[in-house]
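Below: the structure, in structure tokens.
These numbers come from a predicted model, not from an experiment. Order of the sequence lines sets the chain letters (A, B, ...), proteins ahead of strands, with each chain counted from 1.
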2 protein chains.
Amino acid sequence: MVNQHDPRVLRTRQLIREAFRELLRKKDFDSITINDIAQKATINRATFYAHYEDKYALLEEITEQAFSDRIPDQVLNARDFTDEICDGLIMMTYNYIMDFYRICRMDSKPIASLVDEKIKQLLQQSIENILRRGNLHLMEDSHTKIISAMTASAIYGAAHAWLTVGENDGTDLLVGFVRPYVMNGLGLPKVP
Amino acid sequence: MVNQHDPRVLRTRQLIREAFRELLRKKDFDSITINDIAQKATINRATFYAHYEDKYALLEEITEQAFSDRIPDQVLNARDFTDEICDGLIMMTYNYIMDFYRICRMDSKPIASLVDEKIKQLLQQSIENILRRGNLHLMEDSHTKIISAMTASAIYGAAHAWLTVGENDGTDLLVGFVRPYVMNGLGLPKVP
DNA sequence: CAAAATGTGTCGTCTATGCAACGTTCCGCT
DNA sequence: AGCGGAACGTTGCATAGACGACACATTTTG
């Protein structure tokens, strides 16, 4: 529809994202209108629709972007799912969820689930990439996918629960719970 | 050529001005290219020429804008050229010149003179407006202009010299010199 | 000195954005 | 129930801006 490399497009999308982020700090998602976004971004309302189907698509994009930006190089380049990598993923996930929920009051369930789904998906993809690059590269595709999905879900679920129960005295305990669980689960299909 | 009220125009000009201000803090005016400005403003080089004839016109505009922004309401609304107003103009002028010369190293003479000329012109206009609104409104137009020009030149010249001799221990002394001089000069044609 | 590189200013073409208008849906109000 | 406003999502048209090319001037390099 629009040329992704046109500098006007890049600038407009940047303006929209930034406007949306600012609005999320003041108003809850549901009460933000397309008009609000367009005004703060100094673009026309119709232009918004040239770039995003609706504000849910926009939320999805900034969620993905923000999470991706937090993935450390260590994880991106990892060729083995080590304890350190595991710890990194757990802490990153927890911190991200915490920040996101704190900054934007996620009042409506459908929104929260959209964000949650996106994070889990990115987490799974990260894990999958590591496994493919690493010593498990000979595994079947479907196995890798399932294992990644399980691991991502476990990490995400734990981090989310940790936030819900309100144990905000650090992530050490959380890591202590999750890492053995995950690493043990991953250890089972390992080729000896 | 371009519609001054189109939001795209406003945004582009804002981007250009901001880019130029940032560049002036790092490089001297002469070594700033149109390309530099366009890149930092994230616009195309040709677009620059749709808004400004060259970088001198741009410098003129931001000079004028920055100076105008500093004129206090007290001066804008004054109906009499009082001591307080006089003091305000002197200090504002001195501070502006000081800031401008400190931030942008004004190495080449033609540039400095361009800026100086602009400031003097704005100063003169401010004074003229006050006199017209005030008790001297019955003066002939040409007289008002000449008196304003003299006063503006005096104030500007003194502020500039004050900066050159390096007396940077405050503006009190400067005001002490200039105000009596100016107010006395203005007093002569006063209708008793 | 010649040649290459960089900057300037302008032009024609194409596209992204602004704008105004439209019908729709939703929601609060009487 | 009916009304009115507000937000939504879409459309056609006008125009600002992106791009590449160009001729020319200036600076840099060898």
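Side chain of B/N95 to backbone of B/M92: no donor-acceptor contact under 3.5 angstrom is found. At least one donor-acceptor pair closer than 3.5 Å links the side chain of A/D54 to the backbone N or O of A/A57. In this structure a side-chain-to-backbone donor-acceptor pair under 3.5 Å is present from B/T164 to B/H160. With hydrogens and angles disregarded, a donor-acceptor distance shorter than 3.5 Å links the side chain of A/S31 to the backbone of A/D28. Side chain of A/R179 to backbone of A/C86: no donor-acceptor contact under 3.5 angstrom is found.
Cation-pi check for A/R13 over A/Y52 is met; the charged atom lies under 6.0 angstrom from the ring centroid and within 45 degrees of its normal. Remark: A/K55 is positioned above the aromatic ring of A/F29, its terminal NZ or CZ atom under 6.0 angstrom from the ring centre and at most 45 degrees off the axis.
Using a 4.0 Å cut-off, some side-chain N or O of B/H51 falls inside it from OP1 or OP2 of D/dG17. Regarding contacts with the backbone of D/dA16, every side-chain N or O of B/T12 stays at 4.0 angstrom or more from both OP1 and OP2.
In this structure, A/Q4 places its CD atom 17 Å from P of D/dA18, rounding to the nearest Å. Computed from coordinates, the B/N3 CG to D/dG17 P distance equals 10 Å when rounded to whole Å. Rounded to whole angstrom, the span from the CG atom of B/D6 across to the P atom of C/dG18 amounts to 8 Å. Between the OH atom of B/Y52 and the C1' atom of D/dG17 there is a distance of 15 Å, rounded to whole Å. The distance from atom CG of B/L10 to atom P of D/dT15 is 17 Å, rounded to the nearest whole Å. The interatomic distance linking B/H5 (NE2) with D/dA14 (P) rounds to 20 Å, in whole Å. Distance CD (B/Q14) to P (D/dG17): 13 Å, rounded to an integer number of Å. The nearest whole Å value for the distance from the CG atom in A/D30 to the C1' atom in C/dC26 is 14 Å.
Within the nucleic acid shown, B/T42 comes within 4.0 Å of sugar-phosphate atoms alone, with no base atom in reach, counting heavy atoms only. Residue contacts for A/R11: at a heavy-atom cut-off of 4.0 Å it reaches the sugar-phosphate backbone alone, with no base atom in range.
Salt bridge A/R133/A/D80: absent, no basic N to carboxylate O contact under 4.0 Å.
Side-chain proximity of B/V2 to the nucleotides D/dG17, C/dA16, D/dA18 is greatest for D/dG17. Nearest nucleotide to the side chain of B/N44, out of C/dA16, D/dA18, C/dG18: D/dA18.
Rounded to 10°, the helix from C/dC1-D/dG30 to C/dT30-D/dA1 has 40° between the axis fitted to its first five pairs and the one fitted to its last five.
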Point to revise | Per-nucleotide protein contact string for nucleotides 4-13 of chain C, where B marks a base within reach and S marks sugar-phosphate only (heavy atoms under 4.0 Å, - for neither) | key: ---SBBBB--
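No side-chain donor-acceptor contact under 3.5 Å links B/S126 and B/N129.
Side-chain atoms of B/R8 and base atoms of C/dT17 include a donor and an acceptor less than 3.5 Å apart.
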Practice item. Determine, stepwise, if the pair A/I90 / A/L174 fulfils side-chain contact (heavy atoms from CB on, under 4.5 Å). Key: CA-CA 8 Å; A/I90 296 166; A/L174 174 65; 3.9 Å; yes
